[in-house]
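These notes concern the structure reproduced below.
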Amino acid sequence: MSTGAPHVRACHLYPEHLNIYADRGNIAVLQRRLEWRGLVLEVVEAGIGDPIPADCHLYYLGGGQDRDQKLVAEDLIAKADPLRLAAAGGAVVLGVCGGYQLLGHRYAAADGRPIPGIGMLDLETTAADSRLIGDVVLDVTLGGRTDTVVGYENHAGRTHLGGGCTPLGHLRRGHGNNGADGCEGAVAGRTVGTYLHGPLLPKNPWLADTLLGWALECAGSAADLEPLDDRLEQAAHAEAATRAGQKR
Ligand code: GLN
């Protein structure tokens with residue numbers, strides 16, 4: 001298909017393995033929010049053994065259980081250089097839960113064995129005996145905007161950030177990275193990691209648009225993202241915040 005509209009390319013990494021809690025929905029949201037504005041998001045899938053396209057403007061890694069993380073870890077290391085290069089060129093990288101952990105240096109899984117990550121985020125994760133589960137509300141400042149982000153977490157991993165990245169947000173409700181320091185997720189440049197499922201983006205349209213704005217910029221388009229009618233999304237956001245015990 002050839003249209004004059006700015007063309008954003010996204011790479012969905014390991015859609016077969018890293019896709020729990022409907023994380024695939026994040027891609028659908030990115031696609032629709034561009035479509036509603038007459039723009040195009042082309043999605044390329046890259047699984048184990050597939051080459052990773054170097055010319056995408058957004059790369060996405062969803063959540064996965066320890067077992068699936070182990071299956072993809074070695075392959076992700078083989079893909080790390082082009083991914084790093086793309087990020088250095090302004091591409092967005094979004095990792096959710098298991099994908100977030102693999103963007104760090106390593107994840108010591110529940111069986112005690114370390115699963116190597118690719119160190120694009122300066123963080124380490126260690127599984128504990130208990131899981132951190134429930135609704136989450138956090139305050140996030142990203143791309144010049146401060147707002148709340150809502151979602152659902154379910155992870156055994158306790159993640160601790162090093163000095164090379166900053167938390168995505170500060171918790172109002174929920175456990176976040178490690179249940180102790182009040183922080184959730186991590187950001188370094190346009191590489192963003194979070195434990196939030198839901199999926200993340202349908203209930204957080206402003207966050208989706210922040211990522212899309214970066215991806216469009218990376219695609220060389222100065223196109224402004226015109227506001228959409230987000231009443232349904234805002235209602236879902238408010239409902240999730242209420243469920244988490246945080247009226248908003
Ligand atoms: N296996 C990881 C953990 O439990 C990630 C789980 C997930 O992606 N929900 O910490």
Side-chain angles (χ1 to χ4, degrees), residues 12-29 45-48 59-77 79 93-138 149-162 165 167-169 171 173-187 191-204 207 240 243-244:
H12 188 176
L13 285 154
Y14 313 115
E16 300 301 323
H17 291 95
L18 299 183
N19 180 34
I20 50 174
Y21 298 105
D23 290 329
R24 199 186 278 269
N26 290 322
I27 295 283
V29 167
E45 298 193 343
I48 295 174
Y59 295 80
Y60 176 67
L61 285 153
Q65 305 293 359
D66 292 11
R67 185 186 57 239
D68 294 309
Q69 290 173 273
K70 275 191 191 116
L71 287 173
V72 306
E74 199 181 315
D75 188 82
L76 182 60
I77 289 168
K79 290 176 167 60
V93 180
L94 174 63
V96 172
C97 202
Y100 167 39
Q101 294 171 345
L102 291 177
L103 288 174
H105 300 296
R106 67 193 64 79
Y107 169 46
D111 64 6
R113 287 209 221 127
I115 302 174
I118 56 173
M120 284 184 67
L121 289 172
D122 180 20
L123 56 87
E124 288 197 8
T125 305
T126 304
D129 291 340
S130 60
R131 298 189 74 80
L132 302 177
I133 302 173
D135 294 300
V136 184
V137 182
L138 55 150
V149 166
V150 295
Y152 183 80
E153 63 182 332
N154 183 352
H155 51 105
R158 306 311 198 252
T159 297
H160 291 93
L161 310 192
C165 58
L168 170 63
L171 292 161
R173 287 288 186 276
H175 307 285
N177 282 337
N178 48 54
D181 66 10
C183 294
E184 204 293 312
V187 181
T191 299
V192 178
T194 177
Y195 272 114
L196 299 194
H197 300 284
L200 170 72
L201 297 178
K203 297 190 191 79
N204 298 296
L207 183 60
R243 206 175 50 215

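For the numbers below, each heavy atom of this structure counts, side chains included, while hydrogens, waters and symmetry mates do not. Just follow the structure's listing: the first ligand is 1, and inside any ligand the first atom is 1.
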Is a donor from one side chain sitting under 3.5 angstrom from an acceptor on the other, for [X] and [Y]?
X    : Y    : answer
H105 : D122 : yes
Y14  : D68  : no
T159 : Y195 : yes

Can you confirm whether E45 is buried at CD, in the sense that more than 12 heavy atoms of other residues, nucleotides or ligands lie under 6.0 Å from that atom?
yes
Return yes if some donor-acceptor pair links the side-chain N/O of N26 with the main-chain N/O of L200 below 3.5 Å, else return no.
yes
Can you check whether T194's main-chain N or O pairs, donor with acceptor, with E184's side chain at less than 3.5 Å?
no
Using a 4.0 Å cutoff against the non-hydrogen atoms of [X], which atoms of ligand 1 qualify?
X    : value
A156 : 3 (C), 4 (O), 10 (O)
G63  : 8 (O)
R131 : 4 (O)
G157 : 3 (C), 10 (O)
H155 : 3 (C), 4 (O), 10 (O)

Looking only at protein heavy atoms, identify the closest one to [atom] and say how far it is in Å.
atom                   : answer
atom 8 (O) of ligand 1 : C97 SG, 2.8 Å
atom 5 (C) of ligand 1 : G64 O, 3.3 Å
atom 1 (N) of ligand 1 : D66 OD1, 2.5 Å

N154: side-chain contact (heavy atoms from CB on, under 4.5 Å) partners, not counting sequence neighbours
Y21, R131, I133, Y152
For A108, check side-chain contact (heavy atoms from CB on, under 4.5 Å) against everything at least two apart and list the hits.
T126
Do any nitrogen or oxygen atoms of Y195 lie less than 3.5 angstrom from nitrogen or oxygen atoms of ligand 1?
no
Check for me whether Y107 has a heavy atom closer than 4.0 Å to any atom of ligand 1.
yes
Close approach, H197 and ligand 1, non-hydrogen under 4.0 angstrom
yes
Just heavy atoms, cut-off under 4.0 Å: does I20 contact ligand 1 by side chain, backbone, both, or neither?
side chain
